[in-house]
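The structure appears below as structure tokens.
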Amino acid sequence: MSNLADSVDVPSGLRGVASDWSADKQAFPVPWGKVMMWIFLLSDTFIFTCFLTGYMNVRLSTTVPWPNPSEVFALRIGGQDIPLILIAIMTFILISSSGTMAMAVNFGYRRDRVKTTTLMLITAAFGATFVCMQAFEWTKLIMEGVRPWGNPLGAAQFGSSFFMITGFHGAHVTAGVIYLSVVARRVWQGDYERKGSYETVEIAGLYWHFVDLVWVFIFALFYLW
Amino acid sequence: MEQAQGQQHPISIYLWIWGLLFVLSTMSYLVDYFHLQGYLRWSLIIVFMLLKAGLIVAIFMHMAWERLALKFAILIPPLCLLVLIGLMVVEGDYIFLTRLAAFLK
């Protein structure tokens, strides 16, 4: 593997950008899989921003009052309505899964197979929990009569925005759980030990952190706004 | 160099960021819990959101330790989305006013 960062007189800063792009060599001194994952995530950023911008547009333009998410997503616990509590718990679960994933990547590069596998499986379990809670939330809203084309709570666009945005995000989490399980199995079997590199774990980690990143925006812009 | 064996940083940095993300999430939840309204609510939501997003990208996704060329390639293109958002704000407001004028007389 040619490694740019190894050579002694590589310019950094803006001059480094120019030399990295203009010289007759590999532009990014990282594994190609990592660059590809970043570019995929870049395209996914555009998709999710289009969804959130569409949601912003319909919410701005409707003349019917928007349902108050704080009340819609409240749960009755011990005879008391706690606003947005389910969403808050889902947020903490996803953040925790990002934390365990970051540590899995770290232990991967330390070649600690057992800890890497364990932490990845914990991450996947957190992800699966998140999806289950989302399924619960969807069921609750559907039983209350929320549909993509209308709902009894207020603006009709609430349903379509909600199902499209959280649905796409939930699909990403589900895909991530499967992806992480597959990579965790390979870590356990020692595939990356033989290959001599744990970069695949870091690349899977990038995807997982991105899913968490998207949730940060959905939580702020859809649930809290 | 770190790139040769991939990203290696002490575990403590991840635990710190994890804790910070918990604190920031709690604070953004409290914005709703205490029913803050208006510009205070919106600016706090945006600030906490951007701080969390920055920490995730910089530390968890290791962007802080990548070369500037890769940072530019990934972080600059999304800026053109700001144009889309700006246009859609103007358009949404326009449709809202049009609906008021046409349907709610």
Side-chain angles (χ1 to χ4, degrees), chain A residues 3-6 12-14 16-17 20-21 27-30 35 38-39 41-42 45-46 49-50 53-54 56-63 70 83-84 88 91-92 95-96 98-99 101-103 105-106 108-110 197-199 202 205-206 209-210 212-213 216-217 219-221 223-225, chain B residues 1-11 13-15 17-19 21-22 25-26 28-29 31-33 35 41-42 45-46 48-50 52-53 56-57 59-62 66-74 77-78 81 84-85 87-89 91-96 98-100 103-104:
Chain A
N3 211 313
L4 181 88
D6 279 343
S12 58
L14 272 178
V17 177
D20 282 358
W21 277 100
F28 303 113
V30 292
V35 181
W38 268 116
I39 290 172
L41 296 181
L42 181 61
T45 307
F46 276 72
T49 312
C50 286
T53 312
M56 174 192 76
N57 185 271
V58 295
R59 187 164 171 175
L60 272 175
S61 61
T62 180
T63 48
S70 183
L84 221 57
T91 304
F92 287 124
I95 286 175
S96 300
S98 247
M101 188 66 227
M103 301 210 301
V105 172
N106 201 280
Y109 282 130
R110 288 167 198 222
S197 160
Y198 275 82
E199 68 199 33
E202 193 189 350
L206 283 181
H209 295 311
F210 178 77
D212 184 25
L213 181 67
V216 168
F217 286 87
F219 178 60
L221 300 173
Y223 291 101
L224 288 179
W225 203 256
Chain B
M1 294 292 286
E2 67 187 14
Q3 295 292 356
Q5 297 88 31
Q7 302 270 357
Q8 283 196 1
H9 312 286
I11 286 285
I13 190 168
Y14 297 112
L15 293 174
I17 300 303
W18 193 352
L21 288 171
F22 256 79
S25 296
T26 309
S28 47
Y29 176 66
V31 168
D32 185 67
Y33 195 82
H35 303 293
R41 179 191 186 92
W42 296 327
I45 290 175
I46 295 281
F48 293 142
M49 176 185 86
L50 291 179
K52 280 164 74 181
I56 292 173
V57 173
I59 312 293
F60 279 180
M61 298 173 95
H62 296 142
E66 299 291 358
R67 296 265 306 163
L68 196 55
L70 184 63
K71 284 183 197 167
F72 278 5
I74 303 302
L81 289 165
L84 173 73
I85 294 168
L87 287 174
M88 288 305 110
V89 170
E91 204 262 339
D93 276 337
Y94 173 73
I95 299 286
F96 177 70
T98 315
R99 282 177 175 164
L100 281 188
F103 301 119
L104 296 179

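Just so we're on the same page: letters track the sequence lines, and every chain starts at 1. Everything numeric here is computed off the predicted structure, so don't read it as measured data.
Both the backbone and the side chain of B:L21 come within contact range of chain A, judged by heavy atoms closer than 4.5 Å. Both the backbone and the side chain of B:T26 come within contact range of chain A, with heavy atoms under 4.5 Å apart. In this structure, chain B has a heavy atom under 4.5 Å from the side chain of A:L42, while its backbone stays farther away. Of the atoms belonging to A:F219, it is side-chain heavy atoms, and not backbone ones, that fall under 4.5 Å from chain B. Contact annotation for A:S70: both backbone and side-chain heavy atoms come within less than 4.5 Å of a heavy atom of chain B. Proximity to chain A is absent for every atom of B:I59, based on heavy atoms less than 4.5 angstrom apart. Contact annotation for A:N106: only side-chain heavy atoms (C-beta onward) come within less than 4.5 Å of a heavy atom of chain B.
Proximity of a side-chain donor or acceptor of A:R110 to a complementary backbone N or O of B:Q8 within less than 3.5 Å is not detected.
Contact count against chain A (heavy-atom pairs under 4.5 Å) is highest for B:I11 among B:I11, B:L68, B:L84. Ranked by heavy-atom pairs under 4.5 Å with chain A, the list B:Y14, B:W42, B:F48, B:Y94 is led by B:W42.
For A:W21, the ring-ring contact (aromatic ring centres under 6.0 Å, His included) partners are A:F28, not counting sequence neighbours. Partners of A:F92 under the ring-ring contact (aromatic ring centres under 6.0 Å, His included) rule, at least two apart in sequence or in another chain, are B:F22.
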